[in-house]
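Beneath this line is the structure, given in structure tokens, with notes to follow.
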Amino acid sequence: MNEETRSSLTSEVHLETVARKMSVEKRRIYDIVNVMEALDAMSKTNKSYYRWHGLEGLPKLMADLQKEAVEERLPERVLRVEQAMCSFTELSPGSRKSGMKEVVGTLIGDDGSLSQSSTDSLCQSVHSSEKRSRVDGRDRQGRNSLAQLCRRFLMVLLSNPKNTRRVSLDVASTVLIKDPDTEGFEPPSRSRCRRLYDIANVLVALGLIKKVHYLFGTKKIPLFVYCGPEPD
DNA sequence: GAGTCCCGCCAATCT
DNA sequence: AGATTGGCGGGACTC
């Protein structure tokens with residue numbers, strides 16, 4: 001029995017086969033599988049084999065993550081970081097079709113007009129240097145793993161009350177990078193942001209989050225909005 | 001000129 | 001030791 005037959009008879013997924021079918025490197029599949037594992041949607045069964053569990057468990061998982069977030073006081077921390085980074089102003093959703101939302105404050109119009117001035121220094125410092133201090137801080141299974149980052153990213157999203165479950169990349173990465181019990185708001189590392197994009201893209205594909213654009217100071221920034229199942 | 005993400009090196013881990 | 005897994009960041013591309 002070859003891999004494809006085996007895969008179709010069980011709910012097993014063979015990574016090489018998937019990679020071949022999708023014409024992508026196996027390396028790319030690992031990123032996706034990691035996120036799926038974080039969602040308990042898949043688990044490893046054998047070398048290069050994973051079992052698909054489906055997304056039915058998501059409401060329970062989201063509830064668990066939400067609980068975990070509260071336990072480690074993530075909502076307070078998210079709030080503090082958000083406040084530090086000033087308030088967001090909604091921007092026309094992708095300048096797509098009709099309904100331009102009503103806008104409070106500065107909007108980057110389609111005409112390209114900007115304004116806005118002195119946001120405090122915290123806001124401006126958001127991007128700058130990369131930390132070069134680490135002597136290879138690879139951390140499998142730990143806080144740096146894609147799966148762990150994915151779960152924590154969802155925890156951050158779920159820290160907000162229903163209908164306001166959204167977070168900017170900056171806030172998410174600031175919250176997720178920092179040691180939870182230290183204060184201060186460091187610029188997110190570019191590398192960590194890249195990982196958040198990796199995760200976000202899979203979550204978008206699964207319909208668990210969507211990306212919208214908001215105005216922050218004079219900058220148009222992406223915001224990730226939770227649109228997955230309501231936690232149990 | 002910041003946001004996005006493709007690409008693949010290579011270390012950690014597994015067999 | 002060779003294969004598998006996946007952290008990580010360079011750099012190209014986009015807007």
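Labels below follow one simple rule: chain letters A, B, ... track the order of the sequence lines, proteins then strands, and each chain is numbered from 1.
- Distance Asn34(A) CG to dC8(C) C1': 13 Å, rounded to the nearest Å.
- Inter-residue side-chain proximity for Arg165(A) and Leu158(A) is flagged as met; some heavy-atom pair is nearer than 4.5 Å.
- Contact check on Glu16(A) versus Lys26(A) returns a salt bridge, with a Lys/Arg side-chain nitrogen under 4.0 Å from an Asp/Glu carboxylate oxygen.
- One interatomic measurement links the two molecules: CE of Met36(A) to C1' of dG6(C), which rounds to 17 Å at whole-angstrom precision.
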Identify all pairs in which a protein N or O lies below 3.5 Å from an N or O of nucleotides 6-9 of chain B, and state each distance.
unit_1: dG8(B); atom_1: OP2; unit_2: Glu25(A); atom_2: OE2; d: 3.3
unit_1: dG8(B); atom_1: N7; unit_2: Arg28(A); atom_2: NH1; d: 3.1
unit_1: dG8(B); atom_1: N7; unit_2: Arg28(A); atom_2: NH2; d: 3.4
unit_1: dG8(B); atom_1: O6; unit_2: Arg28(A); atom_2: NH2; d: 2.7

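- Ring geometry, Tyr49(A) versus His14(A): the interplanar angle falls from 30° to 60°, so the pair is classed tilted.
- The CG atom of Asn46(A) sits 13 Å away from the P atom of dT4(C) (whole-angstrom rounding).
- Atom CG of Leu169(A) and atom P of dC5(B) are 10 Å apart (whole Å).
- The base of dG10(C) lies outside donor-acceptor range of the side chain of Arg190(A), with no N or O pair under 3.5 Å.
- If you measure from atom CG of Leu196(A) to atom C1' of dG7(C), you get 14 Å, rounded to the nearest angstrom.
- The existence of a salt bridge linking Asp198(A) and Arg194(A) is excluded, since no basic side-chain nitrogen approaches an acidic carboxylate oxygen closer than 4.0 Å.
- Note on Lys44(A) versus Glu12(A): no salt bridge recorded, every NZ/NE/NH1/NH2 to OD/OE distance being 4.0 Å or above.
- In this structure, Tyr49(A) atom OH and dT4(C) atom P are separated by 12 Å, rounded to whole Å.
- The distance from the CG atom of Leu196(A) to the CG atom of Leu149(A) is 5.0 Å, given to the nearest 0.5 Å.
- With rounding to whole Å, Leu149(A) atom CG is found 10 Å from dC8(C) atom P.
- Atom CG in Leu176(A) sits about 17 Å away from atom C1' in dC8(C), given to the nearest Å.
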